[in-house]
Enquirer: 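Below is a structure I'd like to ask you about.
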Amino acid sequence: MKIYADNAATTKMSRAALETFVKTAEEFWGNPSSLYVTGQKAKEVLEQARKDVAEAIGAQPREIIFTSGGSEADNQAIRSAAATGRNKNRMHIISTAFEHHAVLHTLRKLEKEGFEVTLLPVHENGIVDPEELRAAIRPDTCLVTIMYANNEIGTVQPIKELGAICREKGVTFHTDAVQAVGHLPIDVGKQNIDMLSASAHKFHGPKGVGFLYVRKGIVVSNLIEGGAQEKGRRAGTENLPGIAAMAEALKEAVSGMDENAARLSALRDRLIAGLSKIPHGALNGDAAHRLPGNVNFCFEGIEGESLLLLLDDRGISASSGSACTSRSLDPSHVLLAIGRVHDVAHGSLRLTLGEDATEEQVDYIIEQTAQVVEYLRSFSPVWRELTQGKRQFIL
Ligand SMILES: *Cc1c(COP(=O)(O)O)cnc(C)c1O
């Protein structure tokens, strides 16, 4: 059996998105900034995509800036709010310890440029407490940036409450919603969101394209200097095939969202129940407030990397956490943030199901994971010490 269970790393393009991509490249290859008909036809496709994307999150078309993906959108949102903050002498930013590196590394750079950053704790359940946000906001806070849903442990934040607190205190609220867009219902108005980042390849669109929503009235600065595209907020000839395909994928994701979420949540819970039977393992993050397809476990006495390689041999594509850090030997900063100790964090497994997952596949994953964990433990020195009582079990 071949099972792709790493949809948090990237998703396969949908048939409709792929067809839109090809059709747009073939028929609308003009430059949207050109004044002749070929250019203007491309411009129409661009603006229709902007309308469709805006509608999917309850925004106005002029509030959408197309970018090269989630990382660029995060960088632009944070840098823009920081620039505005600096002008007003407000140089304090609040975020959390388990953000994506596109956020954390941008914040680290801003610290070197004189900003002060507070990272809120996310607790064992992987969820930020709104009251802790309220307490952390200062008169000089210019930005709060908190991810909508975590890419490793799938936990979903109380975005509306967090946004309401920011609104009340007059602080700009950005959310990295890359894992949520196309998977969870989003309404930027009702949820008090000022800025939001999204990426097409996380909802069956193409790679290298995404968008940043910026509420009307909030000043954004551009990261890329050049032409006047995107109303001067993002230079460069637009990636029209990618943008049109993203809009198509998003429309599709939104129209099937309720049904997919219900089916996937049931499969997710079946997978969690099955993996919970493996001794000395534990689910990471809250069981209920999590993305429909996300399962993340730690198993004591094993290395996550070995587990992945052996699962791959058995046809299962999984991950130990974030794809971006899978080549480093450091344990996941997300698992450390929720209080897992190094040894336990090393034995992590992230399985993120796609819309086409089946019960049969889930049962196969459970069976194979149980076998591989037992096999790896059979020659693990750490496991021997645990079973001989020379080391204490944590899970
Ligand atoms: C994938 C991801 C990103 C980066 O998006 P790219 O389009 O790959 O740059 C940022 N944040 C989160 C939460 C992600 O999952």
Side-chain angles (χ1 to χ4, degrees), residues 4-13 17 21 53 57 64-79 95-108 119 122 126-128 145-157 159 162 174-184 186 193 195-213 223-224 234 236 239 242-243 245-247 249-250 253 284-285 289-296 318-327 332-335 337-338 350-354:
Y4 180 72
D6 201 14
N7 284 275
T10 196
T11 59
K12 185 178 173 183
M13 268 175 91
F21 190 96
V53 165
I57 61 163
I64 303 296
I65 302 172
F66 293 122
T67 68
S68 68
S71 300
E72 185 187 330
D74 283 342
N75 275 257
Q76 186 168 16
I78 294 168
R79 287 243 165 232
S95 188
T96 75
F98 78 159
E99 297 297 311
H100 190 273
H101 284 139
V103 168
L104 287 178
H105 291 177
T106 305
L107 294 177
R108 198 184 290 166
L119 296 182
V122 286
I127 293 175
V128 177
T145 172
I146 296 178
M147 69 199 316
Y148 200 117
N150 185 268
N151 49 307
E152 292 190 31
I153 58 174
T155 50
V156 179
Q157 305 305 315
I159 290 298
L162 298 171
H174 166 252
T175 183
D176 172 343
V178 171
Q179 291 289 334
V181 171
H183 302 277
L184 298 174
I186 291 179
I193 299 168
M195 294 197 275
L196 172 146
S197 307
S199 176
H201 77 99
K202 303 290 175 73
F203 53 80
H204 302 282
K207 290 162 196 38
V209 58
F211 66 89
L212 174 63
Y213 153 78
L223 292 178
I224 299 173
R234 204 280 183 183
N239 169 11
I243 290 167
M246 167 166 71
L250 188 51
N284 292 312
H289 298 101
R290 69 190 300 135
L291 288 167
N294 177 292
V295 174
N296 189 313
S319 149
S320 60
S322 153
C324 321
T325 50
S326 61
R327 294 192 181 277
S332 145
H333 71 286
V334 173
L335 296 179
I338 61 165
R350 178 185 72 181
L351 296 155
T352 42
L353 304 172

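Note that ligands are numbered from 1 as they come in the structure, with each ligand's atoms numbered from 1 the same way.
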Enquirer: By number and element, which atoms of ligand 1 are closer than 4.0 Å to a non-hydrogen atom of Lys202?
Expert: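 Those qualifying, in numeric order: 1 (C), 2 (C), 3 (C), 14 (C), 15 (O).
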
Enquirer: Return yes or no for this condition: an N or O of Asn151 is under 3.5 Å from an N or O of ligand 1.
Expert: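 Between Asn151 and ligand 1, no N or O pair is found under 3.5 Å apart.
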
Enquirer: Hey, does the side chain of Thr106 reach the backbone of Ala102 with a donor-acceptor pair shorter than 3.5 angstrom?
Expert: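 At least one qualifying donor-acceptor pair exists.
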
Enquirer: Show which atoms of ligand 1 fall inside a sub-4.0 Å distance from at least one heavy-atom site of Gly69.
Expert: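 Numbered from 1, ligand 1 contributes 7 (O).
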
Enquirer: Has the side chain of Gln157 got a donor or acceptor atom that lies under 3.5 Å from a matching backbone atom of Gly126?
Expert: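 Checked: pair present.
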
Enquirer: Quick one: do the Thr10 and Lys207 side chains pair a donor with an acceptor below 3.5 Å?
Expert: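 Per modelled atom types, Thr10 and Lys207 side chains form a pair under 3.5 Å.
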
Enquirer: Within ligand 1, which atoms have a heavy atom of Ser71 less than 4.0 Å away?
Expert: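 Answer for ligand 1: 4 (C), 5 (O), 6 (P), 9 (O).
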
Enquirer: Report yes or no: does Asn150 contribute a side-chain atom to a donor-acceptor pair with the main-chain N or O of Phe98 at less than 3.5 Å?
Expert: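 Such a contact is found between Asn150 side chain and Phe98 backbone.
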
Enquirer: Between Met147 and ligand 1, find which residue part has any heavy-atom pair under 4.0 Å and reply side chain, backbone, both or neither.
Expert: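 It is the side chain that touches ligand 1; the backbone stays farther off.
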
Enquirer: Under 4.0 Å from ligand 1, counting heavy atoms only, is it the side chain of Ala102, its backbone, both or neither?
Expert: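 Ala102 to ligand 1: no contact under 4.0 Å from either part.
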
Enquirer: Under 3.5 Å, is there a donor-acceptor pair linking the side chains of His174 and Ser197?
Expert: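 Present: a donor and an acceptor within the cut-off.
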
Enquirer: Counting only heavy atoms closer than 4.0 Å, does ligand 1 sit against the backbone of His201, its side chain, both, or neither?
Expert: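 The answer is the side chain.
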
Enquirer: Is Ser199 close to ligand 1, meaning an N/O of one under 3.5 Å from an N/O of the other?
Expert: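 It does: an N or O of Ser199 is found under 3.5 Å from an N or O of ligand 1.
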
Enquirer: Only one of Thr175, Ile146, Ile193 passes side-chain contact (heavy atoms from CB on, under 4.5 Å) with Leu162; say which it is.
Expert: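 It is Ile146, the one option of Thr175, Ile146, Ile193 that forms the side-chain contact (heavy atoms from CB on, under 4.5 Å) with Leu162.
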
